[in-house]
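Worth saying up front: this structure is predicted, and the values here are computed from it rather than measured.
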Amino acid sequence: MKYEKIQAPKGVSEYAPPLSAAFEWVRESLIAPAKLAGYQLMELPVFEDTALFSRGVGESTDVVSKEMYTFEDRGGRSITLRPEGTAGVMRAVIEKGLDRGQLPLKVWYSGQFFRAERPQAGRYRQFYQVGIEAIGLDDPAIDAEVIAIADQGFKSLGLRNYRLEITSLGDAKSRAAHRVDLLKYIEKVDLDEPTRARAAINPLRLFDDKRPEMKAAMQDAPLLLDYLSAESLANFNQVKKYLDLLGIKYIVNPRMVRGLDYYTGTTFEFIHEDLGAQSGIGGGGRYDGLMEILGGQSLSGIGFGLGVDRALLAAQAEGVISEDQFTSDLFIIPLGEEQKSVALTLATTLRNAGIRTEIAFGDRALKAAMKAADKSGSSYVVIIGEDEVASGVVELKRMSDGSLTSVKISELQKALAGAL
RNA sequence: GUGGGCGUAGCUCAGCUGGUAGAGCACUCGGUUGUGGUCCGAGAUGUCGCGGGUUCGAGCCCCGUCGCUCACCCCA
């Protein structure tokens, strides 16, 4: 009987040893600064009511219009695998009334997200993000803190070849004024049909077109940054001032476009230089109307999402991955059935004392077991045979120099604790 | 969704103008009784992604299909 192999679904990212250790390191490092700043965990479902995203993220976005994994569950409800994190956080905040307490509410999340795109370097159908949201206070100092936390995450990985781009999308008045002039400008540009359709939904998208002829055509287009209301401009300037104070370098990019409709005010992106086409390793911004749209009170918020997969790719590209895999302190080699029982109980005792202990399983030749011990990178090895069980004494071998020391089994824990 | 490249042992790949498969690494065992790293020897492993076609004969040619990959697009 021969069964066909089953493959992973197209375009998913997954991490097995030895890479998984680096993945875990990247994920934990990216979110560590947020924990230090008092952000608290929000653990949310990976699927939500489809309406949450179509309404929250925006019907006009590519993410919602053609990249969602949407299906009907057994109760006939329309369900969607979450394509991003912010909408879900808002839903939970509203549902649990967390916005009724002291503000800002500061939370973080980590997990997988889903987008049905054509896979590519650094672009997956299931990918990992960590993110934070600071909800309920519109203060440029929080904007700066959120950006600083993201930046610190990348810095703690040892990343250097990335840049931070920021801009402001202003308030509603600013955007309305700009839109009028931008549409007027676009009318004079010769566009193909898909591009024209995109422009009709959100004219800002044209700034993001990578084709040289489009870049040239948009060269003299009016910039939103020049249309900011006095209030928005002052706010943006204050954010920049704080970033300067923190010594965080940034480039103001007035042509930056974010893919999700809810962004307003301060928006930012982290771009890595060594990555290929999918170079965005993180991004975020302020979202003034989101909470209200989702049926909550009218509160502003700001947050970011950082791409764990891409940050890992970036760390590899820069050669800053730390190679340390798990290595045990002690490797026990039992010889014979009875000795296995001794090894198992001994290992349990030692592990409870915090000593990383592995056992050679199977009935392999001693030479093979020693090889396995060597490969495991274990610091010490003991062999437990009949003699050792009888005498209660083992030879503790230090792998670095091969030296042997006689130690009572009952005192192994103490001996190791002192030696390690 | 559109286009380019690629699919041969666990991994990285070789395979000349078509004659039914190899290397290195890894793995297993051994080099005399219970002690690893080096060295030496031996061994196991593939329906050559899958399905058709052309041919006396296909890993090599043709078609289809699936997958991977890169770019457009989009974004983390």
Inset, instruction - Name the orientation class of the two ring planes belonging to H178(A) and Y227(A) (parallel below 30°, tilted from 30 to 60°, perpendicular beyond 60°). - result: perpendicular
Inset, instruction - With heavy atoms under 4.0 Å as the rule, sort E84(A) into base, sugar-phosphate or nothing. - result: nothing
Inset, instruction - Choose from rC74(B), rU35(B), rA71(B) the nucleotide whose nearest atom is closest to any side-chain atom of R118(A). - result: rA71(B)
Inset, instruction - Report which part of the nucleic acid G85(A) touches: base, sugar-phosphate, or nothing (heavy-atom distance under 4.0 Å, all strands). - result: nothing
Inset, instruction - Name the nucleic acid region contacted by Y124(A), choosing base, sugar-phosphate or nothing; use a 4.0 angstrom heavy-atom cut-off, strictly under. - result: base
Legend entry - Counterpart base for rG57(B), defined by Watson-Crick or G-U wobble contacts under 3.5 Å: none
Inset, instruction - Please state whether the base of rG34(B) and the side chain of E388(A) form at least one donor-acceptor pair under 3.5 Å? - result: yes
Legend entry - Side-chain donor or acceptor of R115(A) paired with backbone N/O of V63(A) under 3.5 Å: no
Inset, instruction - Would you mind telling me which of rG31(B), rC75(B), rC68(B) lies closest to the side-chain atoms of K10(A)? - result: rC68(B)
Inset, instruction - Would you please indicate if the ring centroids of Y128(A) and F23(A) are separated by under 6.0 Å? - result: yes
Legend entry - Among rC73(B), rU35(B), rC29(B), the nucleotide that comes nearest once only the side chain of R364(A) is considered: rC29(B)
Inset, instruction - Send over the distance from K66(A) NZ to rG1(B) C1', rounded to a whole Å. - result: 7 Å
Legend entry - Length of the line joining L366(A):CG and rG36(B):P, which is rounded to integer Å: 7 Å
Legend entry - Spacing of Q120(A) atom CD relative to rG4(B) atom P, expressed in whole Å: 16 Å
Legend entry - Distance below 4.0 Å between R123(A) side-chain N/O and rA71(B) OP1 or OP2: no
Inset, instruction - Report yes or no: is there a donor-acceptor pair, N or O only, under 3.5 Å between the side chain of E269(A) and the base of rA76(B)? - result: no
Inset, instruction - Using modelled atom types only, decide if a donor and an acceptor are shared between the side chain of S378(A) and the backbone of Y380(A) within a distance under 3.5 Å. - result: yes
Inset, instruction - Please confirm whether the backbone N or O of F236(A) pairs with a side-chain atom of S168(A), one donor and one acceptor, at under 3.5 Å? - result: no
Legend entry - Watson-Crick or G-U wobble partner of rA71(B), both distances under 3.5 Å: rU2(B)
Legend entry - Nearest to side-chain heavy atoms of R310(A), which nucleotide of rU35(B), rC75(B), rC74(B): rC75(B)
Inset, instruction - Rounded to the nearest angstrom, tell me the gap between atom CG in D401(A) and atom C1' in rG37(B). - result: 13 Å
Inset, instruction - Assign G122(A) to base, sugar-phosphate, or nothing according to its heavy-atom contacts below 4.0 angstrom with the strands shown. - result: base
Legend entry - Touch class at under 4.0 angstrom, heavy-atom based, for A365(A) against every strand present: sugar-phosphate
Inset, instruction - Check the distance between rG41(B)'s P and K367(A)'s NZ and give it to me in whole angstrom. - result: 14 Å
Legend entry - Touch class at under 4.0 angstrom, heavy-atom based, for A369(A) against every strand present: nothing
Inset, instruction - Please state whether the base of rG36(B) and the side chain of D374(A) form at least one donor-acceptor pair under 3.5 Å? - result: yes
Inset, instruction - Name the nucleic acid region contacted by I281(A), choosing base, sugar-phosphate or nothing; use a 4.0 angstrom heavy-atom cut-off, strictly under. - result: sugar-phosphate
Inset, instruction - Round to the nearest Å and state the distance from E67(A) atom CD to rC72(B) atom C1'. - result: 14 Å
Inset, instruction - Tell me yes or no: between the side chains of Y250(A) and D244(A), is some donor less than 3.5 Å from an acceptor? - result: yes
Inset, instruction - May I ask you to check whether N235(A) and S232(A) show a side-chain donor-acceptor distance below 3.5 Å? - result: no
Inset, instruction - May I ask you to decide if T357(A)'s main-chain N or O and R351(A)'s side chain share a donor-acceptor pair within less than 3.5 Å? - result: yes
Inset, instruction - Quote, to the nearest angstrom, the C1' distance that separates rU2(B) from rC60(B). - result: 30 Å
Legend entry - C1' spacing across the pair rG46(B) / rG10(B), given as an integer number of angstrom: 11 Å
Inset, instruction - Determine if F113(A) stacks with rA76(B); use a centre-to-centre distance below 5.5 Å and an interplanar angle below 30° as the criteria. - result: no
Legend entry - Under 3.5 Å on both distances, the Watson-Crick or G-U partner of rU45(B): none
Legend entry - Nucleotide of rC70(B), rC74(B), rG34(B) approaching A121(A) most closely (side-chain heavy atoms): rC70(B)
Legend entry - Whole-Å gap separating P (rC75(B)) and CG (L275(A)): 17 Å
Legend entry - Partner nucleotide, any strand, of rU35(B) [Watson-Crick/G-U, under 3.5 Å]: none
Inset, instruction - Name the residue closer to the 5' end of RNA chain B, choosing between M399(A) and A277(A) according to the nucleotide with the nearest heavy atom. - result: M399(A)
Inset, instruction - Verify the contact: side-chain N or O of K371(A) to OP1 or OP2 of rU28(B), cut-off strictly under 4.0 Å; return yes or no. - result: no
Legend entry - Presence of R115(A) side-chain N/O under 4.0 Å of rC74(B) phosphate oxygens OP1/OP2: no
Inset, instruction - Just call it for E117(A): base, sugar-phosphate, or nothing, with non-hydrogen atoms closer than 4.0 Å on any strand. - result: base
Legend entry - Nearest-angstrom distance from the residue atom NZ of K375(A) to C1' of rC27(B): 9 Å
Legend entry - rA9(B) pairs with, by Watson-Crick or G-U criteria that keep both distances under 3.5 Å: none
Legend entry - Shortest side-chain distance from L335(A), nucleotide among rG30(B), rA26(B), rG34(B): rG34(B)
